[in-house]
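Right, one structure below, let's go through it.
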Amino acid sequence: MPADKPAAAPGPAERARIVGTVAQWFTTAARPLPWRDPSVGPWGVMVSEFMTQQTPVARVIEPWRAWLRRWPEPASLAAEPSSEAVAAWGRLGYPRRALRLHGAAVAIVARHGGRVPAEPEQLRALPGVGEYTAAAIASFAFGARAVVLDTNVRRVLARIDRGRQYPANSTTAAERRLAARWLPADAATAARWAASSMELGALVCTAAAPDCAHCPVAGHCRWLAAGRPAHEGPARRGQAYAGTDRQARGRLLDQLRRNRAGVETETLLGCWDVDRAQARRALDGLLADGLAHRHGELITL
DNA sequence: AAGTCGTGGTA
DNA sequence: TTACCAAGACT
């Protein structure tokens with residue numbers, strides 16, 4: 001074979017070998033995340049999935065422990081007002097996730113007898129559960145065979161199979177087919193692949209500084225074989241934050257978290273002095289989303 | 001289907 | 001210091 005011929009995408013046999021190698025690597029490299037403990041049930045897994053959406057795992061660990069201590073099952077959370085969930089969410093970010101998790105707990109009590117459903121379709125119908133989260137719960141909590149395609153797995157597959165530094169900006173149908181091709185036939189191996197491929201992306205095949213020298217499947221990676229070519233095409237859009245409505249909402253919500261008894265409307269608007277109209281917009285948004293509540297002139301969570 | 005939605009760590 | 005980006009969902 002000519003040395004300059006680009007590596008081809010791995011076939012079924014090589015994919016199976018890679019899956020096995022990553023699974024083996026996982027036995028010693030896996031982080032001892034508390035929700036991976038065998039004693040943790042589906043609800044604990046589900047809470048961890050909500051909390052880790054767009055949030056680094058390390059930041060989630062302590063809030064997760066506190067949450068499960070307070071609400072060890074869906075019914076205990078569902079029995080309290082959603083404002084308690086928003087307050088307990090603290091500074092994890094994207095507080096609507098707290099609202100959705102509360103809503104999911106209510107729905108689980110109403111529709112599933114208080115037990116987290118095992119079927120991806122039923123999971124997907126819960127607020128805050130998208131395709132990824134449904135697959136993750138089915139796989140991690142119930143050992144099901146599901147395509148668990150998160151940002152880590154997308155990057156791993158982009159590199160190993162496609163020879164690209166990064167996947168597309170948003171998940172494509174072609175990408176789902178690719179991930180399905182990688183999914184082992186039996187449930188136990190598939191669940192193992194889901195967890196281990198995510199871990200590989202999180203610890204080794206990282207976005208900014210991949211540690212190819214310590215990658216267990218470096219010898220199978222098209223991207224590495226091609227000399228780690230830089231991402232082509234339009235730059236992945238950044239996430240501007242300073243001065244945005246999001247920052248304003250975050251500021252107001254922070255005040256409401258610190259003052260559970262409530263804050264006068266004028267006082268609350270005053271904590272965002274950048275732009276009065278923006279402060280109003282932020283408050284209206286929080287009220288419309290159900291993250292804040294009005295009682296006359298008093299605003300509370 | 002491109003925009004919106006928090007927060008904080010890292011290089 | 002600025003820019004990137006982290007177990008996404010929803011509209």
Side-chain angles (χ1 to χ4, degrees), chain A residues 30-31 33-36 44-64 86 89-101 103-104 123-141 146-156 165-173 175 179 191 193-203 205-211 231 234-257 272 278 281-282 284-286 288-292:
Chain A
R31 294 166 292 180
L33 303 178
W35 48 86
R36 283 182 180 157
V45 172
M46 179 169 165
V47 172
S48 80
E49 289 305 330
F50 272 71
M51 289 186 167
T52 51
Q53 287 168 3
Q54 290 289 283
T55 305
V57 165
R59 197 186 308 162
V60 165
I61 293 175
E62 281 317 310
W64 179 87
V86 174
W89 198 253
R91 302 186 63 79
L92 272 178
Y94 291 142
R96 288 194 285 202
R97 291 182 293 167
L99 229 39
R100 292 172 183 152
L101 181 51
L123 288 164
R124 186 67 181 73
L126 299 170
V129 179
E131 194 158 335
Y132 161 76
T133 301
I137 296 171
S139 179
F140 302 152
V147 175
V148 180
L149 195 54
D150 81 319
T151 185
N152 291 303
V153 178
R154 293 185 64 215
R155 189 173 53 247
V156 167
Q165 184 180 24
Y166 297 122
N169 234 323
S170 56
T171 309
T172 64
E175 218 176 333
W193 166 244
S196 61
S197 58
M198 277 177 68
E199 195 77 339
L200 186 68
L203 299 182
C205 195
T206 57
D211 188 9
H231 179 72
R236 297 168 295 161
R237 69 176 192 283
Q239 309 176 33
Y241 185 60
T244 61
D245 286 7
R246 277 159 73 192
Q247 188 182 28
R249 287 168 57 108
R251 183 73 59 81
L252 299 195
L253 205 55
D254 187 47
Q255 289 302 308
L256 295 175
R257 266 189 239 110
W272 183 259
Q278 189 173 39
R281 202 158 59 235
D284 289 345
L286 292 172
D289 289 345
L291 284 165

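Chain identifiers are assigned alphabetically (A, B, ...) following the order of the sequence lines, protein sequences preceding nucleic acid strands; residue numbering begins at 1 within each chain. Keep in mind the model is a prediction, meaning the values are calculated, not measured.
- When heavy atoms are screened at a 4.0 angstrom cut-off, R246(A) is found touching base atoms of the nucleic acid.
- Going from atom OH of Y166(A) over to atom P of dC4(C) covers 10 Å, rounded to whole Å.
- Interatomic distance, W272(A) CH2 to D245(A) CG, rounded to the nearest 0.5 Å: 8.5 Å.
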Can R91(A) and R59(A) be said to form a side chain to side chain contact (heavy atoms under 4.5 Å, CB included), step by step? CA-CA 10 Å; R91(A) 302 186 63 79; R59(A) 197 186 308 162; over 6 Å; no
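- Between the OH atom of Y241(A) and the C1' atom of dT10(B) there is a distance of 18 Å, rounded to whole Å.
- Near DNA chain B, meaning a heavy atom under 4.0 Å away, the residues from residues 56-64 of chain A are R59(A).
- Here the nucleotide nearest the side chain of M198(A), chosen from dT7(B), dC5(B), dA7(C), is dA7(C).
- In the interface, the side chain of T55(A) is not paired with the base of dG8(B) through any donor and acceptor atom under 3.5 Å apart.
- Ion pair D254(A)/R257(A) flagged as a salt bridge, since at least one NZ, NE, NH1 or NH2 atom sits closer than 4.0 Å to an Asp/Glu carboxylate oxygen.
- One can place CG of L291(A) at 18 Å from P of dT4(B), the figure rounded to the nearest angstrom.
- With the nearest nucleotide of DNA chain C identified for both F140(A) and R100(A), F140(A) has the one nearer the 5' end.
- Contact annotation: Q54(A) side-chain N/O to dG8(C) OP1/OP2 distance is under 4.0 Å.
- Mapped onto DNA chain C by nearest heavy atom, G128(A) and E199(A) fall at different nucleotides, with E199(A) at the one closer to the 5' end.
- Between the CZ atom of R251(A) and the P atom of dC5(B) there is a distance of 16 Å, rounded to whole Å.
- L291(A) pairs in a side-chain contact (heavy atoms from CB on, under 4.5 Å) with only one of the listed residues (L252(A), L256(A), V86(A)), which is V86(A).
- Comparing dC5(C) with dC5(B), their C1' atoms sit 15 Å apart, to the nearest whole Å.
- Note on W89(A): nothing from the nucleic acid sits closer than 4.0 angstrom, heavy atoms only.
- As a whole-Å value, the separation of F50(A) CZ from dG8(C) P is 13 Å.
- Taking 4.5 Å as the limit, some side-chain heavy atom of W89(A) sits within range of a side-chain heavy atom of L101(A).
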Review item, side-chain donor-acceptor pairs of residues 125-141 of chain A, under 3.5 Å, at least two apart:
| from | atom 1 | to | atom 2 | distance (Å) |
| --- | --- | --- | --- | --- |
| E131(A) | OE2 | R176(A) | NH1 | 3.4 |
| Y132(A) | OH | E49(A) | OE1 | 2.8 |
| T133(A) | OG1 | Q53(A) | NE2 | 3.0 |

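- Nearest to the side-chain atoms of E49(A) among the listed nucleotides dG8(B), dG8(C), dA7(C) stands dA7(C).
- Going from the C1' atom of dT1(C) to that of dG8(B) covers 16 Å, rounded to whole Å.
- When the side-chain nitrogen and oxygen atoms of T151(A) are compared with OP1 and OP2 of dA6(C), one or more of them lie within a distance under 4.0 Å.
- Among the atoms of the strands shown, base atoms are found under 4.0 Å from some heavy atom of G93(A).
- Out of dG6(B), dA7(C), dT7(B), the shortest distance to the side chain of R257(A) is found at dT7(B).
- Here L252(A) lies out of heavy-atom contact (under 4.0 Å) with every strand.
- Heavy atoms of V129(A) sit under 4.0 angstrom from primed sugar atoms or phosphate atoms, though from no base atom.
- The CG-C1' distance, from L92(A) to dC5(B), rounds to 14 Å in whole Å.
- For dC10(C), one of the phosphate oxygens OP1 or OP2 lies less than 4.0 angstrom from a side-chain nitrogen or oxygen of R124(A).
- Rounding to the nearest 0.5 Å places CZ of R154(A) at 13.0 Å from OH of Y166(A).
- Both Q247(A) and S170(A) sit near DNA chain B, but only S170(A) has its closest nucleotide nearer the 5' end.
- Put simply, CG on D150(A) is 7 Å from P on dA7(C), counting in whole angstrom units.
- Considering CD of Q54(A) and CG of L92(A), their distance stands at 13.0 Å, rounded to 0.5 Å.
- Between the P atom of dA9(C) and the CE atom of M46(A) lies a distance of 12 Å, rounded to the nearest Å.
- Across all strands, R155(A) comes closer than 4.0 Å only to sugar-phosphate atoms, never to a base (heavy-atom distances).
- The closest donor-acceptor contact from the side chain of R31(A) to the backbone of E199(A) lies at 3.5 Å or more, if one exists at all.
- For the C1' atom pair drawn from dA7(C) and dA2(B), the interatomic distance equals 23 Å after rounding to whole Å.
- For the OP1/OP2 pair of dC10(C) and a distance below 4.0 Å, the side-chain nitrogens and oxygens of R97(A) include no atom meeting the criterion.
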